[in-house]
Enquirer: 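Following this message is one structure expressed as structure tokens.
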Amino acid sequence: MKTVLWISRHAMTETQLRDLARVLGDTVQVLPYTQTVKQADVLRPLIEQADAIAAVLPVELLAELVTLADERPVLQSVAGRRFTGRTLHLADGQTEPEIAFEHLYWQQIVKLELQTRRL
């Protein structure tokens with residue numbers, strides 16, 4: 001069994017979980033972290049408990065996470081958009097087509113270097 005640290009405000013879907021087991025070649029135990037992440041370093045104790053990390057984070061935090069993960073794989077779920085055929089009625093009176101996001105596949109972040117400058 002593989003333990004996967006899941007960093008997201010949302011629960012992992014059954015489709016994501018099944019596909020993650022396929023990718024890792026083993027059954028998966030999810031260790032959820034649902035709080036807002038402001039610095040990746042707060043995740044260090046959880047990272048040490050995990051065999052892999054799956055995250056929904058801004059690119060700046062993903063760059064930190066890849067470094068903290070050491071040899072553990074850092075994964076992202078890639079989703080596709082599908083129109084449901086329904087219409088959403090927004091609070092301002094406008095309408096828009098409803099879109100469902102569906103898991104397509106997992107990708108591993110192999111290398112991520114980021115240098116920014118505040119303007």
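Heavy atoms only: backbone and side chains are in, while hydrogens, waters and symmetry mates are out.
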Enquirer: Do Val28 and Val23 belong together in a cluster built from hydrophobic side chains that touch within less than 4.5 Å?
Expert: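 Yes, because Val28 and Val23 connect within a single hydrophobic cluster, where side-chain heavy atoms sit under 4.5 Å apart.
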Enquirer: Among the clusters formed by ILVMFWY side chains lying less than 4.5 Å apart, do Val30 and Ile7 turn up in the same one?
Expert: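 Unlinked, Val30 and Ile7 end up in two clusters.
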Enquirer: Kindly indicate, with the supporting measurements, whether the criterion side-chain contact (heavy atoms from CB on, under 4.5 Å) is fulfilled by Val37 and Gln35.
Expert: CA-CA 6 Å; Val37 178; Gln35 298 173 35; over 6 Å; no
Enquirer: Can you confirm whether Leu20 sits close enough to Arg22 that some side-chain heavy atom of one is under 4.5 Å from a side-chain heavy atom of the other?
Expert: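 No, every pair of side-chain atoms sits at 4.5 Å or beyond.
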Enquirer: If you take all heavy atoms of Leu68 and Arg44, which pair is closest and at what distance?
Expert: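 Heavy-atom minimum between the residues: CD2-NH2, 3.0 Å.
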Enquirer: Verify the cluster assignment for Leu114 and Val74: are they in a single hydrophobic cluster under the rule of side-chain heavy atoms below 4.5 Å apart?
Expert: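 In one cluster with Leu114: Val74, yes.
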Enquirer: For the CD atom of Gln16 and the NE2 atom of His103, what is their distance to the nearest 0.5 Å?
Expert: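 Output value for this atom pair is 6.0 Å.
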Enquirer: Taking all atoms of both residues into account, what is the closest heavy-atom pair of Met1 and Asp26, and its distance?
Expert: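 For Met1 and Asp26, the tightest heavy-atom pair comes out as N-OD2, 2.9 Å.
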Enquirer: Roughly how far, to the nearest 0.5 Å, is the OG1 atom of Thr27 from the CZ atom of Arg18?
Expert: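 Result: 15.0 Å between the selected atoms.
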Enquirer: Once you round to the nearest 0.5 Å, how far does CG of Leu90 lie from OG1 of Thr95?
Expert: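 If we round to the nearest 0.5 Å, Leu90:CG and Thr95:OG1 are 7.0 Å apart.
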Enquirer: Give, for atom OG1 of Thr3 and atom CG of Leu24, the distance between the pair rounded to the nearest 0.5 Å.
Expert: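 Those atoms lie 10.5 Å apart.
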Enquirer: For a quick test of reading the model, state the closest non-hydrogen atom pair linking Ala63 to Leu112 and the distance between them.
Expert: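 Looks like N-CD2, 3.5 Å.
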Enquirer: Give a yes or no on whether Val42 and Ile53 share a hydrophobic cluster (residues Ile, Leu, Val, Met, Phe, Trp, Tyr; joining criterion: side-chain heavy atoms under 4.5 Å apart).
Expert: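 Linked, Val42 and Ile53 end up in one cluster.
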Enquirer: Identify the heavy atoms of Leu57 and Leu62 that sit nearest to each other, and give their distance.
Expert: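 Leu57 and Leu62 have their closest heavy atoms at O-CD1, 3.5 Å.
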Enquirer: Please report the interatomic distance CZ(Arg72) to CD(Gln49), rounded to the nearest 0.5 Å.
Expert: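 One gets 10.0 Å once the value is rounded to the nearest 0.5 Å.
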Enquirer: Let's go through Phe101 and Arg81 carefully: what are the C-alpha distance in whole Å and the side-chain angles of both, what is the deciding distance for side-chain contact (heavy atoms from CB on, under 4.5 Å) to 0.1 Å, and is it a yes or a no?
Expert: CA-CA 5 Å; Phe101 290 88; Arg81 297 167 26 128; 3.4 Å; yes
Enquirer: Check for me, please, whether Trp106 and Val66 land in the same ILVMFWY cluster - side-chain distances under 4.5 Å, paths through other members count.
Expert: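 Different clusters.
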Enquirer: Would you compute the distance between atom OG of Ser77 and atom CG of Asp19 and round it to the nearest 0.5 angstrom?
Expert: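 If I round to the nearest 0.5 Å, the distance is 8.0 Å.
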Enquirer: Of the non-hydrogen atoms in Trp6 and Ala11, which two are nearest, and what is the gap between them?
Expert: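 Here Trp6 and Ala11 meet closest at NE1-C, 3.7 Å.
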Enquirer: Can you name the nearest heavy-atom pair linking Leu65 to Ala40, along with the distance?
Expert: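 For Leu65 and Ala40, the tightest heavy-atom pair comes out as N-CB, 4.1 Å.
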Enquirer: Do Glu98 and Thr87 touch side chain to side chain, with heavy atoms closer than 4.5 Å?
Expert: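 Side-chain contact under 4.5 Å: no.
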